[in-house]
S.K.: 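Below: one structure in structure tokens.
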Amino acid sequence: MVPLSVGLLIFVVSFIASQFFKLQWSRRQYPPGPTPLPIIGNLWTMRFELRHEFLIQLSKTYGNIFTVWIGQNPMVVVNGCKSIRNALLTHSEELSGRPSTPITDKLTGGKGIVFSNGHNWKQQRRFSLMTLRNLGLGKKSLEVTIQREAQHLVEFFTMTKGKVIDPAPSVSHSVTSVIAAVLFGHHFSSDDQEFHRLNEATDVMVKVISSSWGQLFNAFPQLMQHLPGPIQHFFECDKYLQRFVKREIESHKENGCQEEPQDLVDFYLSKLSTDTGDANSTFDQDNLERILRDLFEAGIETTTTTLRWALLHMMTQPDIQEKVQKELDAVLGEKETVQYEDRKRLPYTNAVIHEIQRISSVQSVGVSRQLLKDTSLEGFHLKKGTVILCNLASALYDPDYWEKPHQFNPGHFLDKEGNFVTSEAFLPFSAGHRVCLGELLARTLLFIYFSSLLRTFTFRLPDGVKEVNMGTIFAITLQPHPYKTCAVPRKARPPAVGDSSE
């Protein structure tokens, strides 16, 4: 009789071998890629993280379209500006689906905007975009809110009197106030403990969901949801954020003004009250809660991270910071507030902001899509349901479109005459039907904040600090390592060139 241990070994080896050959057979219907291992696929070689640098390296071996396996699940990766634009724009409708993963299903239940699909996604996205416009997106009313919060941030930095500080908490608080004003109609005071708990919970969510823990949960959900550790803390933070949003909604039900809505919650509750009896309606409180979470968490994290990168780049490249300040002084002079419209007269400043978004893109690989029907991409026939990941960073670093793709160079966005120009490879907000809903809000906020700060302060490294870590912390966004800065007040601003007071 065969000993039990030997029999068990034979079973395990046979199972692994059968899984290996099954994978090799399944690979034939997808673009080429690295050989997956049974059970874990390519997770081991990727170190359980989807890093854009690794995917760019794979494209050099397998071409701009290749396949990686997340556990037992294939994912087709698209690299390079030309291939990405073809996928997201030429096949925008086909690629407008969002794949279902264990971790996003547990978080959202298919509700909201970011991870929803079909009629629910279309109806909720259309309503949210219309509501943002009604609240002033692209208009002066919302711009006034952004200007006010930018001024509060300027006042905070003024009080530091050039001393060494960590700018992250104050920047995060200021951005949170803008987003909260749009969604909830109020902002948080700097000493509000609720604000600090929200920031901490959001930070945990952002760091865990795309980390190796998040990938492991997607590969082995039944096992991971019972193990102690970061995943359990992740879901505790999720519950806290859920309770916060529910309280905001209940407060609006009791004290809101649905007849004259002032924020997104008011608009949505008004829609709920008038949308009764529509069998095709997807409007309900679950969707409202998820939309608020989507916009609140994504808006704060991406914009705050970009501004942190902006200050870091200005500290480490003082010559570029000085050129921005000279342009701001010459064009804006003593003008009290910066307006988004001013970007048209500030080509160099606008170019620097775009270059920050390019070289320090917070999205990295972006969010995966799912084919809604059979589609051919550059000769590869892909079936409905195939998961597609467009590696956005590969477009932002594509040497065919950028003169110095891995160097900070505002000239990427300037023509020979110094006029601002953009590039079709500039895709930090993605493209197509799933393009970032808050793109205009983010662009407006970044321009006004960046210009307001640099015309008032010079950001310098603390004494004794000769260099800083320009590497990234990998989360759902690519964050800079923590750093300190000195916001040194500048002299009184001169009048603008051509000003009548000259």
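Excluded from the calculations below are hydrogen atoms, water molecules and symmetry mates; all remaining heavy atoms, backbone and side chain alike, are included.
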S.K.: Could you check whether Glu327 and Thr349, counting side-chain N and O atoms only, form a donor-acceptor pair closer than 3.5 Å?
M.R.: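 Glu327 and Thr349 do have a side-chain donor-acceptor pair below 3.5 Å.
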
S.K.: If we ignore angles and hydrogens, is there a donor and acceptor under 3.5 Å between the side chains of Asn64 and Ser59?
M.R.: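 No.
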
S.K.: Check whether Ser452 reaches the backbone of Tyr449 with its side chain - one donor and one acceptor, N or O, closer than 3.5 Å.
M.R.: no

S.K.: Is it true that atom CZ of Arg85 has more than 12 heavy atoms of other residues, nucleotides or ligands lying nearer than 6.0 Å?
M.R.: yes

S.K.: Quick check, are the ring centers of Phe413 and Trp402 under 6.0 angstrom apart?
M.R.: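 When the ring centroids of Phe413 and Trp402 are compared, they turn out to be within the sub-6.0 Å range.
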
S.K.: When you measure from the centre of the six-membered ring of Phe447, is the NZ or CZ of Arg443 closer than 6.0 Å and no more than 45° off the axis?
M.R.: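 So Arg443 doesn't make the cation-pi contact.
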
S.K.: Suppose we call two aromatic rings close when their centres sit under 6.0 Å apart. Are Phe426 and His412 close by that rule?
M.R.: no

S.K.: Might you confirm whether atom CG of Asp415 has over 12 heavy atoms from other residues, nucleotides or ligands at distances under 6.0 Å?
M.R.: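 Counting other residues, nucleotides and ligands, CG of Asp415 exceeds 12 neighbours.
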
S.K.: Does either side chain, that of Thr472 or that of Gln479, offer a donor lying less than 3.5 Å from an acceptor on the other one?
M.R.: no

S.K.: Hey, is Asp329 close enough to Arg490 for a salt bridge, meaning N to O under 4.0 Å?
M.R.: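 The answer is yes: the pair qualifies as a salt bridge.
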
S.K.: What closest approach, in Å, do Leu328 and Ser451 show between heavy atoms, and which atom pair accounts for it?
M.R.: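 For Leu328 and Ser451, the tightest heavy-atom pair comes out as CD1-O, 3.7 Å.
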
S.K.: Answer yes if the ring centres of Phe459 and Phe157 are under 6.0 angstrom apart, and no otherwise.
M.R.: yes

S.K.: If you count heavy atoms of other groups shown closer than 6.0 angstrom to CD of Glu155, is the number above 12?
M.R.: yes

S.K.: Pro428 versus Leu396: any side-chain heavy-atom pair under 4.5 Å?
M.R.: yes

S.K.: Please work out which of the three classes, parallel, tilted or perpendicular, describes the rings of Phe296 and Phe244, given edges at 30° and 60°.
M.R.: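 Plane angle between 30° and 60°, so tilted.
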
S.K.: Which pair of heavy atoms, one from Phe450 and one from Ile356, lies closest together, and at what distance?
M.R.: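 The answer is CE1-CD1, 3.9 Å.
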
S.K.: Answer yes or no: is there a side-chain heavy-atom contact under 4.5 Å between Leu292 and Leu264?
M.R.: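 Side-chain contact under 4.5 Å: yes.
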
S.K.: I'd like to know whether Gln57 forms a side-chain hydrogen bond (donor to acceptor under 3.5 Å, both in side chains) with Tyr62, so could you lay out the CA-CA distance, the side-chain angles of the two residues, the decisive distance to 0.1 Å, and finally the verdict.
M.R.: CA-CA 9 Å; Gln57 283 299 117; Tyr62 300 103; over 6 Å; no

S.K.: So does Arg247 get a backbone contact from the side chain of Ser251, meaning a donor-acceptor N/O pair under 3.5 Å?
M.R.: no

S.K.: State, to 0.1 Å, how close Leu241 and Ala201 come at their nearest heavy-atom pair, and which atoms those are.
M.R.: CG-CB, 4.0 Å

S.K.: NE2 of His196: more than 12 outside heavy atoms within 6.0 angstrom?
M.R.: yes

